[in-house]
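None of these values were measured; they are calculated from a predicted model.
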Amino acid sequence: MATTMKTVAVEDVNVTFEDQQKINKFARSTNRMTELKDEIEAKKKSLQNLEDASDDIMMLDDDSLRIPYQIGDVFISHTQDETQEMLEAAKEALNREIKGLEGQVSSIQQVLSDLKVQLYAKFGNNINLEADES
């Protein structure tokens, strides 16, 4: 039985200043995208907390009960309807923020895919642009 060995020739590719700029931009964009994804997750948790609070307030039987609502460092008591309106406004604002962040992530992903095409075209297997999933 004959065994064949494949040898991978490592090409000696010169890295120009422009190439280094693209690599740096790729790294910065990847880091920014990770930060944005973390921020989106935090905002989604806050949104879930607001939805839970809204559900809890709807279950209250006593309409005359005043509900404390935190604004900054201060709690202000409001009626059930006022608190519900404030929660809805906060949820809408949070949803807009999440959509804006997701739009930023989408545009960064487009930049990253363009850079990947350019860098893999020049460096081939000599460069690894895939994120570590650890």
Side-chain angles (χ1 to χ4, degrees):
M1 292 187 116
T3 59
T4 59
M5 293 183 62
K6 290 184 179 180
T7 58
V8 178
V10 177
E11 298 174 21
D12 190 20
V13 179
N14 290 330
V15 179
T16 64
F17 178 74
E18 291 81 19
D19 295 334
Q20 188 61 51
Q21 292 299 93
K22 288 178 185 178
I23 293 168
N24 291 343
K25 182 176 182 179
F26 186 89
R28 285 191 309 272
S29 297
T30 301
N31 287 338
R32 179 67 180 140
M33 190 172 69
T34 302
E35 291 169 359
L36 288 173
K37 284 182 177 181
D38 291 344
E39 191 173 341
I40 288 170
E41 286 304 311
K43 289 193 183 293
K44 283 183 178 181
K45 286 180 185 177
S46 295
L47 181 62
Q48 183 60 46
N49 289 341
L50 289 174
E51 289 173 354
D52 291 344
S54 181
D55 292 344
D56 288 346
I57 289 173
M58 278 197 268
M59 287 189 214
L60 292 176
D61 292 334
D62 189 7
D63 288 338
S64 65
L65 186 64
R66 300 200 51 89
I67 301 167
Y69 188 87
Q70 184 176 4
I71 301 175
D73 293 335
V74 179
F75 284 93
I76 300 174
S77 293
H78 293 282
T79 64
Q80 184 176 348
D81 291 335
E82 290 172 333
T83 305
Q84 197 70 4
E85 289 172 10
M86 294 173 83
L87 286 172
E88 289 302 318
K91 287 193 297 188
E92 289 173 11
L94 215 48
N95 274 323
R96 283 191 302 272
E97 288 177 29
I98 289 171
K99 291 223 184 305
L101 292 173
E102 287 172 343
Q104 289 179 17
V105 167
S106 177
S107 66
I108 289 174
Q109 285 175 332
Q110 182 62 42
V111 169
L112 289 176
S113 66
D114 292 344
L115 287 171
K116 271 186 184 182
V117 168
Q118 295 170 17
L119 291 170
Y120 276 134
K122 178 156 185 176
F123 297 107
N125 292 333
N126 294 330
I127 190 168
N128 180 13
L129 301 174
E130 302 305 317
D132 290 337
E133 298 296 327
S134 53

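In this structure, Leu50 is a member of the same hydrophobic cluster as Ile71, with clusters built from ILVMFWY side-chain heavy atoms closer than 4.5 Å. Connection of Val74 to Leu87 is established within a shared hydrophobic cluster, with ILVMFWY side chains joined at heavy-atom distances below 4.5 Å, either directly or through further cluster members.
Note that OG of Ser54 is 10.5 Å distant from CG of Leu47, once rounded to the nearest 0.5 Å. Between the CZ atom of Arg66 and the CD1 atom of Ile76 there is a distance of 10.5 Å, given to the nearest 0.5 Å. Glu88 contributes atom CD, which lies 12.0 Å from atom OG1 of Thr83 (distance to the nearest 0.5 angstrom). The distance from atom CG of Leu36 to atom OG of Ser107, rounded to the nearest 0.5 Å, is 8.5 Å. The CD1 atom of Ile67 sits 9.0 Å away from the CG atom of Asp81 when rounded to the nearest 0.5 Å. To the nearest 0.5 angstrom, Leu60 atom CG is 5.0 Å from Gln80 atom CD.
In this structure, the side chains of Leu94 and Lys91 stay at 4.5 Å or more apart for every pair of heavy atoms.
Annotation for Phe123 and Asn14: closest pair CE2-O, 4.3 Å, computed over non-hydrogen atoms.
In terms of the side chain to side chain contact (heavy atoms under 4.5 Å, CB included) criterion, residue partners of Phe75 (sequence neighbours excluded) are, by chain and number, Pro68, Gln70. With sequence neighbours left out, the side chain to side chain contact (heavy atoms under 4.5 Å, CB included) criterion links Ala93 to Arg96. For Glu85, there are no salt bridge (Lys or Arg N to Asp or Glu O under 4.0 Å) partners two or more places apart in sequence or in a different chain. Every residue meeting the side chain to side chain contact (heavy atoms under 4.5 Å, CB included) condition with Leu129, not counting sequence neighbours, appears here in chain and number order: Phe26, Lys116, Leu119, Tyr120, Ile127. Residues satisfying the side chain to side chain contact (heavy atoms under 4.5 Å, CB included) criterion with Glu82, sequence neighbours excluded, are His78, Thr79. For Gln110, the side-chain hydrogen bond (donor to acceptor under 3.5 Å, both in side chains) criterion is met by Asp114, not counting sequence neighbours.
Residue pairs meeting the side chain to side chain donor-acceptor pair (under 3.5 Å) criterion with at least one member in residues 20-39, sequence neighbours excluded: Gln20-Asn24, Lys22-Gln118. Judged as a side chain to side chain donor-acceptor pair (under 3.5 Å), the pairs with a partner in residues 40-49 (not counting sequence neighbours) are, in order, Lys43-Glu97, Gln48-Asp52.
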